[in-house]
Undergrad: 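Here's a structure for you.
Note that the structure is a prediction, hence the values are computed from the model and not measured. The basis for the numbers below is simple: all heavy atoms, side chains too, and nothing from hydrogens, waters or symmetry mates.
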Amino acid sequence: MIDIRLLRNNPNEVISSIARRGIDTTQLYKAIELDSSLRSITAQRDKVRAEIKLISKSVGQAAKNLDQSSIEALRQESRQLGDKEQELDRQVEQIDKALRSILLATPNIPAIDCPDGAGAQDNVILRTWIAEKGIEAEFDPSLYFDYQRVPHWEIGDALGLLDLSRAAKLSGSMFGLYKGKGAALVRALNQFALDLHSELYQEIHPPSFVRSETMVSTGHLPKFSDDAYYMERDDLWAIPTAEVPLTSMARDEILSESDLPMRFCASTPCYRREAGSAGRDTRGLLRLHEFNKVELLAYATPSQANQVHQEILSSAESILQALKLTYRVVDLCTGDIGNSAARTFDLEVYAPGCDMWLEVSSVSWFSDYQARRANIRYRPNSSEGKKSPSFIHTLNGSALAWPRTWAALVETYRQSDGSIVVPEILRPYMKGMERISFD
RNA sequence: GGAGGGAUGGCAGAGCGGCCGAAUGCGAGGCUCUUGAAAAGCCUUGGGUUAGUAGCCCCGUGGGUUCAAAUCCCACUCCCUCCGCCA
């Protein structure tokens with residue numbers, strides 16, 4: 001949620017910033033009007049309330065003096081004021097509700113240095129890391145051999161690592177089913193990523209079903225309810241990402257500045273209805289309703305946020321480098337960043353078999369947008385006098401989403417004989433296995 | 001699923017319908033004393049709204065009774081204990 005005071009005091013600045021997303025901002029002008037009438041009517045109501053309180057006290061006095069006639073008079077007066085108060089309060093509630101629903105639907109203000117753009121085509125590629133050379137360089141498709149130009153679903157089928165037709169039998173399209181060494185490979189990836197990060201990030205194993213309030217905190221509700229799975233019987237939502245529970249852990253809490261930044265990692269299943277993307281990326285593992293990923297998330301003070309953002313980015317990059325996969329870092333433009341984010345870097349890994357750059361991580365800074373919704377604050381260190389609590393900043397990034405990483409990995413590591421070499425770093429997690437070949 | 005008990009400030013824990021935004025203890029911060037520290041003493045210390053140390057709101061949430069609700073009534077949510085069932 002954006003700060004209503006910021007909007008009130010700098011309306012033009014805020015509105016033009018949000019307009020950089022290329023969305024309609026007329027509702028924000030309405031919000032400003034609602035806010036000003038809300039404040040004036042609230043003031044009127046509070047004045048009436050103050051009167052009522054005074055009268056009530058005099059009734060107490062009169063009762064002590066057994067002054068029946070003045071008690072009755074005061075009661076009359078108070079009742080009349082009560083009617084007035086109720087009417088004003090009704091208006092306050094109505095306006096407040098209208099204002100709130102606009103604010104909840106309003107996306108975050110993009111960061112100043114977030115590049116302008118209308119959509120994915122305007123994203124800025126910051127750098128490309130070439131696994132074969134172990135350095136940042138120009139991408140060169142000729143580095144790949146013909147035997148790497150086989151899509152992962154064919155590889156998975158040939159080596160018996162994937163069984164997508166049975167997955168479809170069980171659950172329909174866009175579900176995965178890994179088998180044998182294919183399953184072991186996902187497990188290895190997961191374990192490896194958690195081990196790599198558990199020094200810096202505290203490991204959490206959160207629930208994967210959450211209440212509505214939890215989804216609202218991160219901005220996944222109310223606007224994007226169609227994208228999530230909902231269990232009506234129990235009024236619970238299946239999480240679309242570990243960001244949801246990890247962010248809400250500190251909901252309604254006041255943290256102390258000396259504990260910040262706080263860093264967490266979690267491996268969870270992620271559930272997405274993909275309502276708006278029917279027919280897109282339907283082959284293989286590129287788009288699934290259920291997948292696993294390891295998520296990194298941090299709570300920080302506003303002044304720490306930028307550094308922590310870079311830190312999470314390099315943590316995520318370090319996995320791809322360790323796996324020796326080619327990837328690029330993309331700075332998402334204002335037209336492409338998510339609603340709650342102020343700045344986002346995507347990591348896209350190159351999958352030679354499909355000849356596609358696959359988004360495997362999205363590292364975002366949410367400024368105080370989520371913290372405001374979730375009411376997560378911190379108390380500044382009291383060295384310079386007393387300061388009241390203010391909102392923290394939240395940041396997160398997928399440490400990696402497994403299906404797409406798995407896909408890029410088997411395509412990249414395919415050999416001329418059709419087998420797959422297991423990346424060295426994963427071998428300890430695969431009982432030392434060096435190669436996945438035909439059984 | 002059944003039966004009980006509970007929900008108050010960072011934590012613990014009081015609170016006859018008006019004198020309660022709330023005792024007390026702990027914790028935290030500041031000061032005094034001290035070479036320094038400890039101990040001791042003194043003072044301060046919930047959140048929100050607002051230009052505001054004014055007013056108003058917040059004692060799980062939502063309703064109700066009343067001139068007046070933390071306190072009475074109703075509903076709901078959550079937590080704890082016991083029983084049953086089950087990984």
Undergrad: How would you summarise protein contacts on nucleotides 51-56 of chain B per nucleotide, using B for base, S for sugar-phosphate only and - for none, with heavy-atom distances below 4.0 Å?
TA: S---BS
Undergrad: Between G30(B) and C80(B), how many Å separate the two C1' atoms, rounded to a whole number?
TA: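 Roughly 40 Å separates the two C1' atoms.
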Undergrad: Which of these, Phe366(A), Tyr299(A), Trp365(A), Tyr378(A), sits in a ring-ring contact (aromatic ring centres under 6.0 Å, His included) with His393(A)?
TA: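 Among Phe366(A), Tyr299(A), Trp365(A), Tyr378(A), the one that satisfies the ring-ring contact (aromatic ring centres under 6.0 Å, His included) with His393(A) is Trp365(A).
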Undergrad: Distance check, P atoms only: U32(B) and A38(B), in whole angstrom units.
TA: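 Approximately 14 Å lies between the P atom of U32(B) and that of A38(B).
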Undergrad: Taking any heavy-atom pair under 4.0 Å as a contact, classify Ser78(A): base, sugar-phosphate, or nothing.
TA: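 Counting heavy atoms under 4.0 Å across all strands, the contact made by Ser78(A) is with sugar-phosphate only.
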Undergrad: Is there a donor-acceptor contact under 3.5 Å linking the side chains of Glu87(A) and Gln91(A)?
TA: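 Yes, a side-chain donor-acceptor pair sits under 3.5 Å.
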Undergrad: Could you tell me the separation between the CZ atom of Arg90(A) and the C1' atom of G63(B), rounded to a whole number of Å?
TA: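 Value for this atom pair: 17 Å.
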Undergrad: Starting at atom CZ of Arg372(A), determine the distance to atom P of G47(B), rounded to an integer number of angstrom.
TA: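 Rounded to the whole Å, the gap is 17 Å.
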Undergrad: Can a donor-acceptor pair be found between the side chains of Ser361(A) and Tyr327(A) at a distance below 3.5 Å?
TA: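 Ser361(A) vs Tyr327(A): no donor-acceptor pair found between side chains.
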Undergrad: Within the distance-only criterion (no hydrogens, no angle test), does the side chain of Arg404(A) pair as donor or acceptor with the backbone N or O of Arg287(A) below 3.5 angstrom?
TA: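 Not a single qualifying donor-acceptor pair exists.
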Undergrad: When the P atoms of U61(B) and A69(B) are considered, how many whole Å apart are they?
TA: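 16 Å, rounded to whole Å.
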Undergrad: Is the closest side-chain donor-acceptor distance between Tyr230(A) and Asp235(A) under 3.5 Å?
TA: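 On atom types as modelled, these side chains qualify, holding a pair under 3.5 Å.
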Undergrad: Under 3.5 Å, is there a donor on one side chain and an acceptor on the other for Thr218(A) and Glu243(A)?
TA: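 Result is no, nothing qualifies.
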Undergrad: Atom CD of Glu257(A) and atom P of G29(B): how far apart are they, to the nearest Å?
TA: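 My rounded result for the distance is 14 Å.
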Undergrad: Figure out the CG/P separation between Leu255(A) and G47(B), and round it to whole Å.
TA: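 Rounded to the whole Å, the gap is 14 Å.
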Undergrad: Under a 3.5 Å cutoff, is there a donor and acceptor pairing between the side chains of Ser437(A) and Ser419(A)?
TA: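 Side chains of Ser437(A) and Ser419(A): no pair found under 3.5 Å.
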Undergrad: If you assign each of Ser56(A) and Ile4(A) to its closest nucleotide in RNA chain B, which residue comes earlier from the 5' end?
TA: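 The residue mapped nearer the 5' terminus is Ser56(A).
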Undergrad: Is Arg75(A) near enough to A68(B) that one of its side-chain N or O atoms lies under 4.0 angstrom from OP1 or OP2?
TA: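 Checking A68(B) against Arg75(A), no side-chain N or O comes under 4.0 Å of OP1 or OP2.
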Undergrad: Between G47(B) atom C1' and Asp252(A) atom CG, what is the distance in whole Å?
TA: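 In whole Å, G47(B) C1' lies 11 Å from Asp252(A) CG.
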Undergrad: Can you classify the ring geometry of Tyr271(A) versus Tyr229(A) as parallel (below 30°), tilted (30 to 60°) or perpendicular (above 60°)?
TA: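 Because their plane-to-plane angle is over 60°, the rings of Tyr271(A) and Tyr229(A) count as perpendicular.
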Undergrad: Compute whether any side-chain donor of one residue and acceptor of the other, for Ser225(A) and Asp227(A), lie under 3.5 angstrom apart.
TA: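 No, Asp227(A) and Ser225(A) have no side-chain donor paired with an acceptor closer than 3.5 Å.
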Undergrad: Looking only at side-chain N and O atoms, does Asn108(A) offer a donor or acceptor that is under 3.5 Å from a partner on Ser340(A)?
TA: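 No - no donor-acceptor pair under 3.5 Å links their side chains.
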Undergrad: From the list C78(B), G47(B), C67(B), which nucleotide is the closest neighbour of the side chain of Arg211(A)?
TA: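 So the side chain of Arg211(A) is nearest to C78(B).
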Undergrad: Please figure out whether Ser390(A) or Leu74(A) has its closest RNA chain B nucleotide nearer the 5' end.
TA: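 Residue closer to the 5' terminus by nearest nucleotide: Ser390(A).
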Undergrad: Considering only atom P, compute the distance from U66(B) to C78(B) and round it to an integer number of Å.
TA: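 Straight-line distance between the two P atoms is 32 Å.
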Undergrad: Quick one: Ile254(A) CD1 to U45(B) P, roughly how many Å, whole number?
TA: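 Checked: the CD1 to P distance equals 17 Å.
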Undergrad: How close do Lys30(A) and Ile102(A) get, heavy atom to heavy atom, and via which atoms?
TA: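 Where Lys30(A) meets Ile102(A) most closely, the heavy atoms are CG-CD1, 4.0 Å.
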Undergrad: Using the C1' atom as the reference point in each nucleotide, state the distance between C57(B) and A3(B) in Å, no decimals.
TA: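 To the nearest whole Å, 38 Å.
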Undergrad: Round to a whole Å and report the spacing from CD of Glu253(A) to P of G10(B).
TA: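 Taking CD of Glu253(A) and P of G10(B), I get 11 Å after rounding.
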Undergrad: Considering only the P atoms, how many Å lie between C79(B) and G15(B), rounded to the nearest integer?
TA: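 Those two atoms are separated by 26 Å.
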Undergrad: Expressed as a whole number of angstroms, how long is the span from Asp96(A):CG to C57(B):P?
TA: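 So the CG-P distance, Asp96(A) to C57(B), works out to 16 Å.
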Undergrad: According to a 3.5 Å limit on both distances, what stems of 3 or more consecutive Watson-Crick or G-U pairs are formed with RNA chain B?
TA: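 Only these stems qualify: B:1-7 with B:77-83, B:10-12 with B:24-26, B:27-32 with B:40-45, B:46-49 with B:55-58, B:60-64 with B:72-76.
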Undergrad: Between C56(B) and A75(B), how far apart are the C1' atoms? Round to whole Å, please.
TA: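 Straight-line distance between the two C1' atoms is 28 Å.
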Undergrad: Can you tell me how far P in G47(B) sits from the matching atom in C42(B), rounded to whole Å?
TA: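 Taking atom P in both G47(B) and C42(B), they lie 25 Å apart.
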